[in-house]
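Structure first, commentary second.
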Amino acid sequence: MGGGGSTRRVTFEADENENITVVKGVRLSDSVIDRMKEPSSPGGRQHRGSGAVNDEELKKRIAEELALERARRDSEAQKRRLFGKLLERERISSNEHLTRAILRERAATEEERQKAQRFARQLEEKDRELKKHDAYYKEQLARLEERVKPFYSL
């Protein structure tokens, strides 16, 4: 990235306040423009009046800035892709957890239903047994009353 030379021609102009404006070519961020305004040599700013702008240094600076900008964009794109993959994994994981929870609840519900049916059968069986005992005791009571009738009549 940015290692090869660019075939695109870019023209710059400086206004009276030494602000750099892109006339033709590439859009630059404010930070790039600010760095381009900085003096390139420790001795101070270059003189505009002479028209001596170090084109090679300027091209090198622009190429570096463009390479940094591309790297930043690529890094952000990669972060977005990784974040998207992470979100997808999280979604799949939560769906699996939700599915397992639903299956556990269904199994518990089915177990409770079977338990209720078993208790209902046991209750019916006890009811039949109680009716049977009730009939037996009524019959025994009737027999005893028949045996006792002669004693009462005396």
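Just so it is clear, the model here is predicted, and its values are computed rather than measured.
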*Salt-bridge contact E88-R91 (side-chain N to carboxylate O under 4.0 Å)*: yes

*asked:* Determine whether a donor-acceptor pair (N or O, by modelled atom type, separation under 3.5 Å) exists between the side chain of T99 and the backbone of N95.
replied: yes

*Walk me through it: do E76 and K79 pass the test salt bridge (charged side-chain N to carboxylate O under 4.0 Å, His left out)?*
CA-CA 5 Å; E76 287 176 4; K79 286 178 187 175; over 6 Å; no

*Gap between atom CD1 of I92 and atom NE2 of H97 - 0.5 Å precision*: 12.0 Å

*Should the heavy atoms of other residues, nucleotides or ligands under 6.0 Å from CZ of R100 be counted, would the total exceed 12?*
yes

*After noting the C-alpha distance and the side-chain angles of K149 and E146, does the key distance pass the salt bridge (charged side-chain N to carboxylate O under 4.0 Å, His left out) rule?*
CA-CA 5 Å; K149 255 187 195 178; E146 284 297 318; 3.6 Å; yes

*Other cluster members, V148 - Ile/Leu/Val/Met/Phe/Trp/Tyr, side-chain contacts below 4.5 Å*: Y152

*Evaluate the salt bridge (charged side-chain N to carboxylate O under 4.0 Å, His left out) criterion for residues K138 and D134: first the C-alpha distance (whole Å), next the side-chain angles of each, then the deciding distance (0.1 Å), finally the verdict.*
CA-CA 6 Å; K138 282 182 182 179; D134 189 44; 3.6 Å; yes

*Applying the side-chain hydrogen bond (donor to acceptor under 3.5 Å, both in side chains) test to Q114, which of E110, Q117, R118, E111 qualifies?*
E110

*At what distance, to the nearest 0.5 angstrom, does CG of L141 lie from CD of E139?*
11.0 Å

_I'd like to know if D127 and K131 make a salt bridge, using a cut-off of under 4.0 Å between side-chain N and carboxylate O._
yes

_Between CD on residue E90 and OG on residue S93, distance to nearest 0.5 Å_ = 6.0 Å

*asked:* To the nearest 0.5 Å, what is the distance between CD on E64 and NZ on K59?
replied: 14.5 Å

_Other residues, nucleotides and ligands only: do more than 12 of their heavy atoms fall within 6.0 Å of CZ on R113?_
yes

_Check: E105 main-chain N/O paired with T109 side-chain donor or acceptor under 3.5 Å_ = yes

